[in-house]
Novice: 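Would you mind keeping the following structure in view while I ask a few things?
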Amino acid sequence: MQSYVSLTLSNISIERGERDLCKGLSVVAKFGRLYRIVGENGAGKTSLLKVIAGLLMPVEGEIYLDDRAIAAQVNPWSRDCLYLGHQHGVKKLLTVEENIRCYCPNASAENIHKVLTQLGLLPYQDTSVKQLSAGQAKRVALSRLWLSNQAIWLLDEPFSSLDMKGSALLEEKLEQHLGHGGLVILTTHQALLRVDAQLIELTL
Ligand SMILES: Nc1ncnc2c1ncn2[C@@H]1O[C@H](COP(=O)(O)OP(=O)(O)OP(=O)(O)O)[C@@H](O)[C@H]1O
């Protein structure tokens, strides 16, 4: 994993469907910390995550990784940034293991076994995702975090559908990522029990 100091959102304005979602938002997000985007339904939390992920263009503003504008990055942004949207992003007709192999084609059999064990998915390794519960399918989607090399995790509602054990497991993983110098920016309607969150408030 590459090491960085900060991700800076500078004067970001986002508009969707001719509605302003945020105007002139500036945040310096430090690596090693977790940022939680807060705001009511429709405030623009998902939209802001998509802007940071490079999936949506802001009407103005710039994003910098340390002192380099992301647009000017030589390496693809995906090398540093893992975005998990609140759609599961799992292929329902594939098995659990096939999904994980799609996400991480270079993962060793040993690592995949480890991740399946940690996420309680080992008994479902060869089961197609369409036969899983919502929480189990969410665990498949989240397996990317266990195999990720990216420093920046952008997570839209990562706790949704997870039971208490799954939520604790995910928080532990986030804590570990921060401890390794990673940066997490997420949305969640759930209280975080283990990790301190800095808030990015979206209010217009
Ligand atoms: N594809 C789209 N085209 C036009 N407008 C959109 C589109 N997607 C979302 N919007 C609008 O953008 C606004 C912000 O949506 P967004 O999903 O970012 O909010 P949110 O804060 O994540 O909401 P929630 O808490 O309900 O998940 C909403 O008013 C929504 O109607």
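Note that ligands are numbered from 1 as they come in the structure, with each ligand's atoms numbered from 1 the same way. Position 1 is the first residue of the sequence, and the numbers go up from there.
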Novice: Counting non-hydrogen protein atoms only, what is the nearest one to atom 5 (N) of ligand 1? Give residue, atom name and distance.
Specialist: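 Here the nearest protein heavy atom works out to Arg16 CB, 3.8 Å.
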
Novice: Going by the order shown, which atoms of ligand 1 are within less than 4.0 Å of some heavy atom of Glu40?
Specialist: 21 (O)

Novice: In Å, rounded to the nearest 0.5 Å, how long is the span from CZ of Phe31 to CG of Leu178?
Specialist: 11.0 Å

Novice: Ligand 1 versus Leu48, non-hydrogen atoms closer than 4.0 Å: side chain, backbone, both, neither?
Specialist: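 None of Leu48 does.
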
Novice: Could you tell me whether atom 31 (O) of ligand 1 has at least one protein heavy atom nearer than 4.0 Å?
Specialist: no

Novice: Find all atoms of ligand 1 within a distance of less than 4.0 Å from any non-hydrogen atom belonging to Ala43, and give their numbers and elements.
Specialist: 19 (O), 21 (O)

Novice: Quick test: of every protein heavy atom, which one is nearest to atom 19 (O) of ligand 1, and how far off is it to 0.1 Å?
Specialist: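 Result: Gly44 N, 3.3 Å.
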
Novice: Quick one: CE on Met1 to NE2 on His177, what's the gap to the nearest 0.5 Å?
Specialist: 5.0 Å

Novice: For atom 26 (O) of ligand 1, what is the nearest protein heavy atom, given as residue, atom name and distance?
Specialist: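 The protein heavy atom lying closest is Asn41 ND2, 3.1 Å.
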
Novice: Considering non-hydrogen atoms of the protein only, which is the closest contact for atom 4 (C) of ligand 1, and what is the distance?
Specialist: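 The closest one turns out to be Gly17 N, 4.0 Å.
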
Novice: Checking a contact table here: which protein heavy atom is nearest atom 25 (O) of ligand 1, and how many Å away?
Specialist: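 The closest one turns out to be Lys45 NZ, 2.7 Å.
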
Novice: Among protein heavy atoms, which lies nearest atom 27 (O) of ligand 1, and at what distance?
Specialist: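 Atom 27 (O) of ligand 1 sits closest to the protein heavy atom Thr46 OG1, 4.3 Å.
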
Novice: Answer yes or no: is there an ion pair linking Asp163 with Lys138, defined by an N-O contact shorter than 4.0 Å?
Specialist: no

Novice: Please state which protein non-hydrogen atom is closest to atom 29 (O) of ligand 1 and give its distance, to 0.1 Å?
Specialist: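 It is Arg19 NH1, 2.5 Å.
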
Novice: Determine whether any heavy atom of Gly39 lies closer than 4.0 Å to an atom of ligand 1.
Specialist: no

Novice: Could you check whether Arg194 pairs with Glu171 (Lys NZ or Arg NE/NH1/NH2 to Asp/Glu carboxylate O, under 4.0 Å)?
Specialist: no

Novice: Measure the shortest side-chain to side-chain distance between Tyr124 and Leu119 over non-hydrogen atoms and say whether it is less than 4.5 angstrom.
Specialist: no

Novice: From Glu62 CD over to Arg68 CZ, what is the distance, rounded to the nearest 0.5 angstrom?
Specialist: 13.0 Å

Novice: In terms of side-chain geometry, is the basic nitrogen of Arg101 or Glu97 positioned less than 4.0 Å from the acidic oxygen of its partner?
Specialist: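 Result for this pair is yes, salt bridge flagged.
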
Novice: Report yes if some heavy atom in the side chain of Val51 is under 4.5 Å from a heavy atom in the side chain of Leu9; otherwise report no.
Specialist: no

Novice: If I take atom NZ from residue Lys45 and atom NE2 from residue His189, how far apart are they, to the nearest 0.5 angstrom?
Specialist: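 Rounded to the nearest 0.5 Å, the NZ-NE2 separation comes to 4.5 Å.
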
Novice: Could you tell me if the side chain of Leu116 sits less than 4.5 Å from the side chain of His113, heavy atoms only?
Specialist: no

Novice: What is the closest protein heavy atom to atom 23 (O) of ligand 1, and at what distance does it sit?
Specialist: Gly42 N, 2.9 Å

Novice: Which of the numbered atoms in ligand 1 are under 4.0 angstrom from any heavy atom belonging to Ser47?
Specialist: 14 (C), 15 (O), 16 (P), 18 (O)

Novice: With a 4.0 Å heavy-atom cut-off (strictly under), which part of Glu157 contacts ligand 1: side chain, backbone, both or neither?
Specialist: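 Looking at Glu157 and ligand 1, no heavy atom falls under 4.0 Å.
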
